[in-house]
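Worksheet: one structure, shown below.
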Amino acid sequence: MTPRRILRSLLVGAAAVVLLAPMTPATAQSAKPMIAWGSCGTDPQLKPFQCATVEVPTDYDRPHGPTTTIALTRLPASDPAHRIGTLFTNPGGPGGSGVDLVQQAGQFIYTPEVRARFDILGFDPRGVSRSDPATCYPTEADEAKALANVPPFPLTPKEERQYTAAGAKLAASCQTTSRTTPPRTSPATWICFGRPSATTS
């Protein structure tokens with residue numbers, strides 16, 4: 001990912017937190033999504049990986065209501081006969097792509113011993129990248145212009161003020177162009193997807 005993409009991911013995640021609606025515990029469970037793993041496309045570099053999407057509740061307090069699409073990828077264990085289970089990864093951010101993390105680094109950041117015994121699974125949290133992404137600007141040119149002078153990591157008080165102001169503007173823009181997405185993109189809803197309710201094998 002380019003620095004500009006990383007910055008956008010971080011700011012989109014921060015904007016989602018700004019726009020959070022109060023969360024209450026779900027009173028009913030949704031059905032366990034069945035994951036149908038398949039090819040990740042024609043790119044030879046993606047041949048070791050499997051990809052899938054699942055539909056999960058947009059609002060876990062309404063488990064039988066509208067759904068949102070979550071994109072996943074996994075790197076199967078290199079020794080399937082001795083596989084223990086699945087490592088469920090999340091790069092954080094907020095706003096980072098778990099699909100990108102696994103596909104770009106999954107073969108290198110774990111030891112051969114871990115790779116032999118575990119599938120490595122990554123997902124794009126809702127509102128991020130391939131998972132019904134939030135769109136915060138009408139065009140990429142508008143996005144580039146808005147983020148051009150925002151420091152990726154604020155170090156000085158002045159940069160902190162710039163970063164905070166940019167986050168507030170981004171939140172307002174996301175609320176305008178993706179009105180229904182940000183309130184349902186909190187870490188709480190990511191965790192709900194991550195609980196042991198999806199069949200991954």
Side-chain angles (χ1 to χ4, degrees), residues 1-3 5-14 16-17 20 23 25-26 29-60 63 67-134 153 181 184-201:
M1 294 175 67
T2 64
R5 293 292 180 185
I6 293 172
L7 171 61
R8 181 182 66 172
S9 294
L10 292 172
L11 286 174
V12 167
V17 173
L20 284 183
M23 299 292 295
Q29 284 194 339
S30 59
K32 295 180 181 180
M34 300 298 295
I35 302 178
W37 294 103
S39 167
C40 292
T42 58
D43 186 341
Q45 294 185 340
L46 297 180
K47 188 175 180 179
F49 302 91
Q50 298 173 329
C51 289
T53 59
V54 295
E55 293 296 312
V56 299
T58 299
D59 182 348
Y60 273 94
T67 63
T68 189
T69 301
I70 301 295
L72 308 97
T73 193
R74 75 174 173 182
L75 180 62
S78 59
D79 184 2
H82 296 94
R83 173 183 175 273
I84 294 175
T86 300
L87 291 182
F88 194 95
T89 68
N90 184 347
S97 167
V99 171
D100 288 345
L101 172 68
V102 170
Q103 292 181 350
Q104 295 174 10
Q107 297 180 88
F108 314 109
I109 60 177
Y110 298 100
T111 66
E113 292 78 11
V114 170
R115 283 278 297 104
R117 305 297 295 275
F118 292 91
D119 295 342
I120 311 299
L121 186 148
F123 74 106
D124 286 349
R126 58 182 68 204
V128 172
S129 193
R130 306 161 187 82
S131 295
D132 290 341
F153 300 100
T181 301
R184 302 302 175 193
T185 54
S186 79
T189 57
W190 304 351
I191 293 168
C192 283
F193 172 73
R195 63 191 173 191
S197 61
T199 302
T200 60
S201 60

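Legend: residues meeting side-chain contact (heavy atoms from CB on, under 4.5 Å) with Thr42, ordered by chain and number and at least two apart, are absent. For Thr73, the side chain to side chain donor-acceptor pair (under 3.5 Å) partners are Gln103, not counting sequence neighbours. Annotation: side-chain contact (heavy atoms from CB on, under 4.5 Å) contacts of Ser129 (sequence neighbours excluded): Ser97, Asp124. In terms of the side-chain contact (heavy atoms from CB on, under 4.5 Å) criterion, residue partners of Gln107 (sequence neighbours excluded) are, by chain and number, Pro48, Phe49, Leu75. Taking Thr69 as the reference, Thr53, Glu55, Asp132 meet the side-chain contact (heavy atoms from CB on, under 4.5 Å) condition, with sequence neighbours excluded.
Minimum heavy-atom separation, Arg115 to Pro76: NH1-O, 3.2 Å. Closest of all the heavy-atom pairs between Pro91 and Gly98 is CD-CA, 3.6 Å. The two atoms that bring Asp119 and Arg83 nearest to each other are OD2-NE, 2.8 Å, heavy atoms only. Between Ala71 and Ser131, the shortest heavy-atom distance links the atoms N-OG, 2.8 Å. Residues Ala77 and Ala116 share a closest heavy-atom pair of CB-O, 3.4 Å. For the pair Val128 and Gly96, the tightest heavy-atom approach, listed with the atom from each and the gap, is CG1-O, 3.9 Å.
Separation of atoms SG (Cys40) and CD (Gln50) is listed at 7.5 Å; rounding is to 0.5 Å. To the nearest 0.5 angstrom, Leu121 atom CG is 6.5 Å from Thr89 atom OG1. In this structure, Ile84 CD1 and Phe118 CZ are separated by 4.0 Å, a value rounded to the nearest 0.5 Å. In this structure, CD in Gln104 is found 9.5 Å from CD in Gln45, a value given to the nearest 0.5 Å. Between the CZ atom of Arg130 and the CG atom of Asp100 there is a distance of 4.5 Å, given to the nearest 0.5 Å.
A donor-acceptor contact shorter than 3.5 Å is absent between the side chain of Arg126 and the backbone of Ile70.
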> Between Ile35 and Arg74, does a side chain to side chain contact (heavy atoms under 4.5 Å, CB included) hold up when you go through it step by step?
Replying inline: CA-CA 11 Å; Ile35 302 178; Arg74 75 174 173 182; over 6 Å; no

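Residues Leu87 and Tyr110 have side chains in contact (heavy-atom distance under 4.5 Å, counting atoms from C-beta outward).
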